[in-house]
Q: 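This is the structure I have questions about; it appears just below.
Chain naming here is simple, since letters A, B, ... match the order of the sequence lines and numbering starts at 1 in each.
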2 protein chains.
Amino acid sequence: MTRKKVKLAFITNESARKGTFKKRKKGLMKKVSELSTLCGIDACAIIYSPYEPHPEVWPNTLGVQRILAKFKRMPEMEQSKKMVNQETFIRQRIVKANEHLKKQHKDNREKEMTSHVPMFDWERA
Amino acid sequence: MTRKKVKLAFITNESARKGTFKKRKKGLMKKVSELSTLCGIDACAIIYSPYEPHPEVWPNTLGVQRILAKFKRMPEMEQSKKMVNQETFIRQRIVKANEHLKKQHKDNREKEMTSHVPMFDWERA
DNA sequence: GCGTCTATCTATAAAAC
DNA sequence: TGTTTTATAGATAGACG
């Protein structure tokens, strides 16, 4: 039951960070490729890193330039809508985590009537 | 007990394709987010789809615009290098092989005045 | 069709080379 | 330092409501 938990934070160990970067970049490129193929959609990814002098991209330079041009054509106002931005993403994860915790609390209470010790600030109040 | 075995090809069933798109887009955005956080690197992703009027991006519009500007600044010649793209990769290998062949031909001519028999179409012309 | 669940597959952290 | 291996966390296809 004890699970290995990868802390979602900057990896301070240099070699570990480089190793993780290499592996995850590969996995990410694969994911973009698969999404594009499976769903027939237009997508691109650009990754800058200290390990390469140039950004690594998917699918290729022309593909990125085409999307870049398309993106620039979109009016500024429109660009602000429907974005999957970091803040929204984090909020969603917090909401889900919270819901999951609540469910567990409920299950626990039902099973053993134990009280819950809050693990996060947002659980208080 | 059913075998999943996802065929890596366009999903023709519309609803299945939409469902897969939604799930995988979410997963992809998470991956970009994690890579950026864990390795402290600059990255972005842009996804166009028929399900949304606007592209969905990571991390946000400004982040994408910053990276695109950075990308545009890179000289055309440089952009052709170091791309993560199988086709490009193969092309680069072919180019390299070709250059190598030319060099050898030159060396050979200089040494023994032998003629070259083209192995590829592009060598003719 | 859309959100949730879960069995199963995939990605990857850590270990070992 | 990179590559391969392996055990586990994480992603997701199909099922269900």
Q: Base, sugar-phosphate or nothing for B/Lys30? Non-hydrogen atoms, less than 4.0 Å.
A: sugar-phosphate
Q: Has the side chain of A/Arg24 got a donor or acceptor atom that lies under 3.5 Å from a matching backbone atom of B/Leu35?
A: no
Q: Quick one: A/Glu14 CD to D/dT1 C1', roughly how many Å, whole number?
A: 13 Å
Q: Give a yes or no on whether the backbone of B/Met29 and the side-chain of B/Ser33 come within a donor-acceptor separation of less than 3.5 Å.
A: no
Q: I want to check something: taking the side chain as every heavy atom from C-beta on, are A/Asp42 and A/Lys70 in contact at a cut-off of under 4.5 Å?
A: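 A/Asp42 vs A/Lys70: side chains touch.
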Q: Could you check which of C/dG1, D/dA11, D/dG2 has an atom nearest any side-chain atom of A/Lys22?
A: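 For A/Lys22, the side-chain atoms sit closest to D/dG2.
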Q: Tell me the interatomic distance from B/Leu35, atom CG, to C/dA11, atom P, rounded to whole angstroms.
A: 15 Å
Q: Compare the minimum distances between each of C/dA11, C/dG3, D/dG2 and the side chain of A/Lys18, then state the nucleotide with the smallest one.
A: D/dG2
Q: In whole angstroms, how far is the P atom of C/dC9 from the CG atom of B/Leu8?
A: 16 Å
Q: Which is more 5' along DNA chain C, the nucleotide nearest B/Ser15 or the one nearest A/Ala16? Just name the residue.
A: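 Here B/Ser15 is the residue nearer the 5' end.
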Q: So, OP1 or OP2 of C/dA13: does either fall under 4.0 Å of a side-chain N or O from A/Thr20?
A: yes
Q: Without swapping roles, check the side chain of B/Ser36 against the backbone of B/Ile41 for a donor-acceptor pair under 3.5 Å.
A: yes
Q: Check the distance between C/dA11's P and B/Leu38's CG and give it to me in whole angstrom.
A: 17 Å
Q: Got a sec, which residues hit ring pair (Phe, Tyr, Trp, His ring centres under 6.0 Å) with B/Tyr48, two or more places apart in sequence or on another chain?
A: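 Listed in chain order: nothing, the list is empty.
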Q: How many whole angstroms separate atom CG of B/Asn13 from atom P of D/dA15?
A: 12 Å
Q: What integer distance in Å separates B/Lys31:NZ from C/dT12:P?
A: 4 Å
Q: Grab the N/O contacts between the protein and nucleotides 4-6 of chain D below 3.5 Å, and write none if there aren't any.
A:
none

Q: C/dT12 P sits how many Å from A/Met29 CE, rounded?
A: 13 Å
Q: May I ask you to say what A/Lys26 touches in the nucleic acid, namely base, sugar-phosphate or nothing, with a heavy-atom cut-off under 4.0 Å?
A: nothing
Q: Any side-chain heavy-atom pair from B/Leu28 and A/Val32 closer than 4.5 angstrom?
A: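 They are in side-chain contact.
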Q: B/Arg17 CZ to C/dG1 P: how many Å, rounded?
A: 12 Å
Q: Any side-chain heavy atom of A/Arg17 sitting closer than 4.5 Å to one from B/Leu38?
A: no
